[in-house]
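Here the structure comes first, spelled out in structure tokens, and everything after it is commentary.
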Amino acid sequence: MTIPDLPLSDSVSIPQLGFGVFQVDPATTQEVVEQALEAGYRHIDTAKVYGNEEGVGRALAASGIARDEVFVTTKLWNADQGRDATLAAFDASLDRLGLDVLDLYLIHWPTPEHGTFVETWSAFEQLRDEGRVRAIGVSNFRAEDLATLAEAGLSTPSINQVEAHPLLPQVSLREYHQAHGILTEAWSPLAQGEVLDLPEITGIAEAHDATPAQVVIAWHLAIGNVVIPKSVTPDRIRSNFAASDLTLSDDEVATISRLDRGHRIGPDPSTFHAA
Ligand SMILES: NC(=O)c1ccc[n+]([C@@H]2O[C@H](COP(=O)([O-])OP(=O)(O)OC[C@H]3O[C@@H](n4cnc5c(N)ncnc54)[C@H](OP(=O)(O)O)[C@@H]3O)[C@@H](O)[C@H]2O)c1
């Protein structure tokens with residue numbers, strides 16, 4: 001299985017298929033991430049707020065895999081936005097992960113009512129320029145938030161990690177991303193399981209002798225999303241990774257793209273301000 005690498009900048013690329021650890025119990029995270037690494041994943045997506053960065057770090061250390069062969073993302077939590085708080089939170093995340101250099105750091109939510117993400121992004125640029133993180137990006141940013149960074153004269157985020165799945169393919173935001181050289185990364189790519197029983201998905205799965213989850217992951221890969229499915233179930237961890245071997249026809253991709261219902265399963269970035 002070959003996972004494509006997509007360019008984040010001239011010198012950094014990201015494996016298009018990764019492994020997410022939201023809602024993975026900190027007590028079992030090491031074991032789960034070890035299983036993911038064993039299955040072949042070389043891209044792990046965590047966040048301070050998941051409470052399991054230490055487990056990810058222990059799995060990386062125990063794996064014996066060379067540091068430069070695994071791509072690690074973590075995220076700045078909302079309460080840590082602002083220049084000094086960002087720099088301190090980054091140090092703490094790196095400590096918990098047991099890493100010297102992070103691959104990708106994301107602003108977790110724009111929390112637009114706080115008005116701090118421009119200052120926070122400037123601190124991210126400093127971390128990147130100092131070589132402490134190889135690439136920087138954002139999560140849950142709307143087109144207007146991305147435009148605010150541009151208007152402030154700051155650099156363009158390399159990637160925006162947003163809720164995206166067949167019921168919410170994010171057509172207009174993806175167009176904005178493409179126009180500005182921003183990769184789209186899909187969180188809750190399986191809609192936490194909600195899309196797996198849809199007849200359009202199960203029909204395509206039967207035609208390929210694949211699982212519905214493999215079909216949905218293959219659809220994300222086909223349309224160019226970076227995709228980070230989560231599972232704590234060993235056979236799902238393995239079979240989701242094998243989705244990279246599945247090639248859908250253009251008609252099948254179009255059938256899945258037509259499932260767009262504008263249906264969110266997670267919070268709306270316009271109104272989500274959890275501290
Ligand atoms: N930036 C953000 O704000 C944000 C928000 C949410 C998520 N994320 C990231 O995105 C990652 C993925 O999103 P997610 O965890 O919310 O949802 P998801 O990957 O869409 O779905 C995970 C759920 O689907 C189940 N599942 C996984 N593979 C399956 C399969 N082959 N067959 C049937 N069910 C399957 C899992 O069950 P089991 O685990 O029981 O197998 C789990 O309940 C997260 O882990 C996190 O890294 C980011």
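Just so you know, ligand 1 is whichever comes first in the structure, and atom 1 is the first atom listed for that ligand. This structure is a prediction, so every number in the text was calculated from the model and none was measured.
For atom 31 (N) of ligand 1, the nearest protein heavy atom (residue, atom name, distance) is Asn240 OD1, 3.0 Å. Of all protein heavy atoms, the one closest to atom 23 (C) of ligand 1 is Gln192 CA, 3.8 Å. Distance from atom 11 (C) of ligand 1 to its nearest protein heavy atom, with residue and atom name: Ile228 O, 3.2 Å. In terms of protein heavy-atom proximity, atom 19 (O) of ligand 1 is nearest to Lys230 N, 3.0 Å. Protein heavy atom at the shortest distance from atom 32 (N) of ligand 1 is Arg236 NE, 3.5 Å.
Between Phe241 and Tyr41, the ring planes lie tilted relative to each other; the angle falls in the 30° to 60° range.
Side-chain contact of Glu252 with His208: a donor-acceptor pair under 3.5 Å is present, judged by distance alone.
Here side-chain hydrogen bond (donor to acceptor under 3.5 Å, both in side chains) pairs that include residues 176-186, with residues two or more places apart or in two chains, are Asn160-His177, Gln161-Glu185, His177-Thr184. Judged as a salt bridge (charged side-chain N to carboxylate O under 4.0 Å, His left out), the pairs with a partner in residues 64-76 (not counting sequence neighbours) are, in order, Asp45-Lys75, Arg67-Asp103.
Here's the thing with Ala186: none of its N/O atoms is less than 3.5 angstrom from an N/O atom of ligand 1. Between Ala213 and ligand 1, no pair of N/O atoms sits closer than 3.5 Å. Residue Asn140 has at least one nitrogen or oxygen atom sitting less than 3.5 Å from a nitrogen or oxygen atom of ligand 1, judged on distance alone. The shortest N/O to N/O separation between Ser239 and ligand 1 does not fall below 3.5 Å.
Close contacts between ligand 1 and Pro229 involve ligand atoms 19 (O) [criterion: under 4.0 Å to a heavy atom].
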